[in-house]
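For clarity, every value in this text was computed on a predicted model and none was experimentally measured.
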Amino acid sequence: QVQLVESGGGLVQAGGSLRLSCAASAPTFSSLAMGWFRQAPGKERESVAAINWSGGTTYYADSVKGRFTISRDNVKNMVYLQMNSLKPEDTAVYYCAARWGVAQLSPNYDYWGQGTQVTVSS
């Protein structure tokens, strides 16, 4: 069983930065592909970024390319999402997710965290 706990959300002004963290309790964490997703009120959940088991391959949604960076630390069992140049439209609950197999931006993940709220004010 894999448990994921996100942290680092909060309120930030447009143009600011936040770093989200996801702590994974999984003995085989280094075998898991990881992803970040988000869901704004009244909208469907959408992909943000994904990273493969080694951290050598990453994927980003077009809306965040050049602003967000996903990374992982397989020693600490952590995944991070560095968010820069934040915009009001980035406001959402952000979820960390894990899956066996390849990293992908589609939401076909096996395990999900409870989410952390990110609010960007204009």
Side-chain angles (χ1 to χ4, degrees):
Q1 185 69 15
V2 175
Q3 293 185 327
L4 305 171
V5 179
E6 303 96 334
S7 62
L11 174 64
V12 64
Q13 289 189 332
S17 298
L18 279 176
R19 188 174 86 150
L20 304 184
S21 299
C22 174
S25 62
T28 55
F29 175 76
S30 60
S31 300
L32 294 166
M34 302 296 296
W36 285 97
F37 295 80
R38 66 187 182 187
Q39 187 167 19
K43 295 188 177 181
E44 293 186 355
R45 188 172 296 185
E46 63 174 357
S47 62
V48 175
I51 189 167
N52 76 332
W53 66 274
S54 70
T57 302
T58 56
Y59 304 93
Y60 295 94
D62 288 343
S63 58
V64 306
K65 278 181 182 177
R67 299 189 298 124
F68 290 11
T69 302
I70 188 171
S71 62
R72 67 189 296 161
D73 185 331
N74 285 348
V75 174
K76 297 181 179 179
N77 282 18
M78 297 289 294
V79 179
Y80 306 99
L81 185 68
Q82 178 67 44
M83 306 186 294
N84 299 328
S85 302
L86 282 161
K87 306 175 181 179
E89 51 263 44
D90 294 318
T91 295
V93 177
Y94 283 71
Y95 298 90
C96 175
R99 72 184 306 270
W100 303 105
V102 298
Q104 60 184 33
L105 289 177
S106 69
N108 186 21
Y109 278 66
D110 302 300
Y111 308 98
W112 293 84
Q114 82 291 347
T116 185
Q117 176 70 48
V118 171
T119 303
V120 184
S121 63
S122 57

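Take Gln117 and apply the side-chain hydrogen bond (donor to acceptor under 3.5 Å, both in side chains) test, not counting sequence neighbours, and it matches Thr119. Here Asp62 pairs with Lys65 under the side-chain hydrogen bond (donor to acceptor under 3.5 Å, both in side chains) rule; sequence neighbours left out. Scanning for side-chain hydrogen bond (donor to acceptor under 3.5 Å, both in side chains) contacts around Ser54 gives Asn52, with sequence neighbours left out. Applying the side-chain hydrogen bond (donor to acceptor under 3.5 Å, both in side chains) criterion to Thr28, with sequence neighbours excluded, gives no partner residue. Taking the ring pair (Phe, Tyr, Trp, His ring centres under 6.0 Å) definition, one finds that Tyr109 meets it with Phe37, sequence neighbours left out.
For the residue pair Val48 and Val64, the shortest heavy atom distance occurs at O-CG2, 3.5 Å. Taking each heavy atom of Ala61 and Ser47 in turn, the nearest pair found is CB-O, 3.4 Å. When all heavy atoms of Cys96 and Leu4 are compared, the pair lying nearest together is O-CD1, 3.6 Å. Tyr95 and Gln39 make their closest contact through CE1-CB, 4.2 Å (heavy atoms, listed as atom of the first residue, atom of the second, distance).
For residues 41-73, no pair satisfies disulfide bond (SG atoms under 2.5 Å apart), with sequence neighbours left out. Among pairs with a residue in residues 23-46, those fulfilling salt bridge (charged side-chain N to carboxylate O under 4.0 Å, His left out) read Arg38-Glu46, Arg38-Asp90, at least two apart in sequence or across chains. Counting only residues at least two apart or on different chains, no ring-ring contact (aromatic ring centres under 6.0 Å, His included) pair has a member in residues 46-71. Pairs of residues two or more places apart, or lying in two chains, never qualify as salt bridge (charged side-chain N to carboxylate O under 4.0 Å, His left out) while including a residue from residues 74-83.
At a threshold of 4.5 Å between non-hydrogen side-chain atoms, the residues Val2 and Asp110 do not count as touching. Taking 4.5 Å as the limit, some side-chain heavy atom of Trp36 sits within range of a side-chain heavy atom of Val79.
Expressed to the nearest 0.5 Å, how far CG of Asn74 lies from OG of Ser30 amounts to 5.5 Å. Summarising the geometry, atom CD1 belonging to Ile51 is positioned 12.5 Å from atom CG belonging to Leu32; distances are rounded to the nearest 0.5 Å. For the atom pair Met34 CE and Ser71 OG, the distance stands at 11.5 Å (nearest 0.5 Å).
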Which atom pairs, donor and acceptor, lie under 3.5 Å between side-chain atoms of residues 11-25 and protein residues at least two apart or in another chain?
unit_1	atom_1	unit_2	atom_2	d
Ser17	OG	Asn84	OD1	2.9
Ser25	OG	Gln3	N	3.4
Ser25	OG	Gln3	O	3.4

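Arg67 contributes a side-chain N or O that, together with a main-chain N or O of Ser85, makes up a donor-acceptor pair within less than 3.5 Å. Using a distance-only test at 3.5 Å, with no hydrogens or angles considered, a donor-acceptor pair links the side chain of Thr91 to the main chain of Val120. Listed for the Glu6 side chain is a donor-acceptor partner under 3.5 Å among the backbone atoms of Gln114.
Side-chain contacts under 4.5 Å among hydrophobic residues (ILVMFWY), followed directly or transitively, place Met78 together with Tyr80.
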